[in-house]
Amino acid sequence: MDITKLTITKIQKLLKQKKISALDVTKAYLARTKKLDPEIKAFITITDELALKQAKKIDDKIQKDQKIGKLAGIPMSIKDIYLTKGIQTTAGSKVLKGYIPQYSSTVYQKLINQDAILIGKTNTDTFAFGASTENSGYFTTKNPWNFDYIPGGSSGGSAACVSSSMSVFSMGSDTGGSIRHPASLCGITGLKPTYGRNSRYGITAMASSFDCPGPLANTVEDIAVITEVTAGKDPLDATTSSTSVPKYSKLLNKHKLKGLKIGLPKEYFSGSIDKQVKQKVLETTKFFEKQGAKIIDISLPSTNQGIAVYYVLVPCEISANMARYDGIRFGQSKKDIKDLLSYYLETRGAFMEDEMKRRIMIGTYALSAGYFDAYYLKASKVRTLIKNEFIETFKKVDTILAPVSPTTAWKIGEKIDDPLQMYLADVFTVCINVAGLPSLALPCGFSSNNLPIGFQLIGNYFQEDKILSIGHQYQQLTDYHFQKPKL
Amino acid sequence: MSSKKITPSQFKHIAKLAKLKLTKEEENKYLSQLSSILDYFDILNKIDTSKVKPSFQVTQLKNIFRQDKIKPSLNQDQALSAASKNKNNYFSVPVTINK
């Protein structure tokens, strides 16, 4: 039995039957990480000592027949934007190199409380700004399916990590597609929950009205188990919802495919979409039709404005959020500077990466005197239109099916000098964030050069249970999610 | 390349507002990149929003209050542990105003 090929439910069963120990599981994943990560580079920090210590503690509990957590003995990795008390958290940026947080993010704490085992902190574009991990202040993560290609981003380290079985699951964040995009490009499953479903507390802020922490894993079933643990109201994040958290893992067969109404938005199948991606995603509609679902052609006309709305509003929020990185309370700073203004200018100039500076500049410009109405206010109004189109559409359909990325993974270096081209990679994901809806990305095939292709099931607000149920039934009858790169 | 939307002097002003010291090389690069990004935003002007209200958040939350009670928090040592410089249990910064 290869332990690194098991799901959460399977590992838990074997642990409870005492057929394997948490230490066996942890050692197997750490050994794989040690072997593969020097080339794939998914991790910024590997927490092997801590992982072994945690595993021993869990085995102790099992030996003494004490109650164990819902994620006991499950090796996980976490995007390096989640604060982890006592463990370096860099946000993929030189700005926070060496920063040891004094407290933990709520989501990480909830996972640890359920006895999950931290293997390490994964690479990301600096502060989650990007779609390839090439904007990381440290290094670029490679796509496990082909090392010449990017893994997608910004949670690219997390996606590569799960795809290459260096952890059972990983926590990422999705502000404009940063969970779904790399999940899709690495052939795994990822959930962007409804805005406010998972707490943002203790996660470095990118755009506060968009940011959504969420999981990347091998199966929808695993995603359901993790989301049961992480979701819910958090007094430390006032934007979390008090909507009750369903037992997602018990509802996976609840929403029958027969009679299900699936909307197919024409705007997501035109323009820059690659032929093979389009073909594979459309094949999934044939699958659902065969299972008795109804495919309904729909239109979301404001989709074409999505990228512009997103790349106005998000840099505005970024420019405000990044103001805190002044080198005084945390982060790297320039030494021996005589006055405060120079201290700010020199510190921020020296340690912030290109994409960070670019987005701060766009946001500062759009919010500066005389431009607020033309950019921020205008984009906020189009945001209303995008949101309303979804609300109207969900009166007619149960879910919306669409591609995740217009293309498969691209070669490392291909788009790095053209930020606008990089932004356009988010064309099919950003509108969901603009509206704050949940969306589940799933693998659905491969291109002719053997790179994964994914699709997404977009749900109505707080209907994670429904899209997880549809996705789970898809995975019960297909095996794309079991296909792994040969490493 | 110069933009119709953002001139080099405006660009310098924005960098100053954002407290960013940029090299000449960065200035040239970002100026042209920002220019094409801002041009792309013109797509928004094709939409009539004269009767549309702006959305600043999306899940209909309103006025989240909490009790104003003192709860456990970081002590001074913890709060200062990541600071670049501290003095007498305070964050220490360079001179703010010169006499």
Side-chain angles (χ1 to χ4, degrees), chain A residues 99-103 194-196 209 235 238-239 241 302 304-305 307-309 311-312 319 323 326-331 333 337-346 348-350 352 354 357-358 360-362 364-365 368 375 377-385 387 419-420 423 435-436 461, chain B residues 5-6 10-11 13-23 26 29-31 33-34 36-47 49-61 64-66 71 73-75 77-85 91-98:
Chain A
Y99 170 56
I100 309 291
Q102 302 97 324
Y103 61 97
T194 307
Y195 177 79
S209 80
T239 62
S241 170
S302 298
N304 301 328
Q305 271 71 38
I307 288 281
V309 169
Y311 279 101
V312 170
S319 70
D326 55 8
I328 291 170
R329 291 155 301 157
F330 34 70
S333 58
I337 294 187
K338 298 286 171 248
D339 70 283
L340 190 64
L341 180 62
S342 308
Y343 183 84
Y344 290 150
L345 291 167
E346 297 281 345
R348 289 163 64 87
M352 288 183 168
D354 258 7
K357 290 177 182 164
R358 212 152 29 221
I360 291 172
M361 288 295 289
I362 298 169
T364 308
Y365 175 81
S368 64
Y375 292 104
L377 196 62
K378 179 79 189 182
S380 297
K381 287 178 176 176
V382 183
R383 185 176 195 178
T384 304
L385 295 176
K387 192 178 80 175
L420 189 56
Y423 297 171
Y461 294 100
Chain B
K5 292 216 162 52
I6 182 161
Q10 265 181 314
F11 184 89
H13 173 64
I14 298 296
K16 201 173 141 193
L17 286 176
K19 304 280 184 286
L20 284 175
K21 187 186 171 186
L22 301 176
T23 63
E26 285 174 324
K29 184 165 75 174
Y30 300 157
L31 187 59
Q33 287 172 339
L34 250 61
S36 56
I37 292 164
L38 292 172
D39 284 341
Y40 179 80
F41 293 162
D42 280 346
I43 192 172
L44 291 175
N45 295 323
K46 291 183 187 155
I47 307 260
T49 52
S50 52
K51 293 189 179 99
V52 183
K53 282 186 184 162
S55 290
F56 301 117
Q57 57 91 24
V58 285
T59 47
Q60 329 304 331
L61 290 173
I64 307 297
F65 295 113
R66 63 170 170 78
K71 286 184 182 167
S73 62
L74 301 179
N75 63 35
D77 280 347
Q78 290 167 329
L80 291 167
S81 67
S84 58
K85 218 173 163 190
F91 293 106
S92 171
V93 298
V95 177
T96 311
I97 304 164
N98 280 310

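Note that the structure is a prediction, hence the values are computed from the model and not measured. Below, read A as the first sequence line, B as the second, and so on, with proteins coming before strands; counting in each chain starts at 1.
Side-chain N or O atoms of B:S84 include one that pairs as donor or acceptor with a backbone N or O of A:G327 at under 3.5 Å. In terms of modelled atom types and a separation under 3.5 Å, the side chain of A:T384 and the main chain of B:S55 share a donor-acceptor contact. Counting only distance, with no hydrogens or angles, the side chain of A:K378 and the backbone of B:I47 share a donor-acceptor pair below 3.5 Å.
If you take OH on A:Y99 and OG on B:S81, they are separated by 7.5 Å, rounding to the nearest 0.5 Å. The CD1 atom of A:I362 sits 9.0 Å away from atom CD of B:Q33, with the distance rounded to the nearest 0.5 Å. A distance of 11.5 Å separates NZ in B:K85 from CD1 in A:I328, rounded to the nearest 0.5 Å. Atom-to-atom distance recorded for B:I97:CD1 and A:L341:CG is 12.0 Å, nearest 0.5 angstrom.
In terms of heavy-atom proximity, B:L74 sits nearest to A:Q102 at CD2-O, 3.8 Å. Smallest separation of non-hydrogen atoms from B:T59 and A:Y195: CG2-O, 3.5 Å. A:A238 and B:L61 get closest at one heavy-atom pair: O-CD1, 3.9 Å.
Contacts of A:S319 with chain B are absent, with no heavy-atom separation under 4.5 Å from either backbone or side chain. Contacts between B:T49 and chain A at a heavy-atom distance below 4.5 Å involve backbone atoms as well as side-chain atoms. Using a 4.5 Å cut-off between heavy atoms, B:F65 does not touch chain A at all. Of the two parts of B:K53, only the backbone, made up of N, CA, C and O, holds a non-hydrogen atom closer than 4.5 Å to a non-hydrogen atom of chain A. Residue A:S342: no heavy atom, backbone or side chain, is found under 4.5 Å from chain B.
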CA sep, side-chain torsions, deciding dist, call: B:K16, A:L345, side-chain contact (heavy atoms from CB on, under 4.5 Å): CA-CA 8 Å; B:K16 201 173 141 193; A:L345 291 167; 5.8 Å; no
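With chain B as partner, the option from A:R383, A:R329, A:M352 having the largest number of non-hydrogen pairs under 4.5 angstrom is A:R329. Contact count against chain B (heavy-atom pairs under 4.5 Å) is highest for A:M361 among A:K338, A:M361, A:R358. Annotation: maximal heavy-atom pairing with chain A below 4.5 Å, among B:T96, B:I64, B:L17, B:L20, occurs at B:L20. When each of A:A308, A:A435, A:G349, A:S209 is scored by its heavy-atom pairs under 4.5 Å with chain B, the top score falls to A:A308. Highest contact tally toward chain B, considering only A:D354, A:I100, A:D326, A:V312, is held by A:D354 [criterion: heavy-atom pairs under 4.5 Å]. Of the listed residues A:Y343, A:Y365, A:Y344, the one with more heavy-atom pairs under 4.5 angstrom with chain B than any other is A:Y365.
At a threshold of 4.5 Å between non-hydrogen side-chain atoms, the residues A:Q305 and B:L44 count as touching.
The ring-ring contact (aromatic ring centres under 6.0 Å, His included) test applied to A:Y311 returns A:Y423, not counting sequence neighbours. When the side-chain contact (heavy atoms from CB on, under 4.5 Å) test is applied to B:P54, the partners found at least two apart in sequence or on another chain are A:L377, A:S380, A:K381, B:F56.
Atom NZ of A:K387 is surrounded by more than 12 heavy atoms from other residues, nucleotides or ligands within 6.0 Å.
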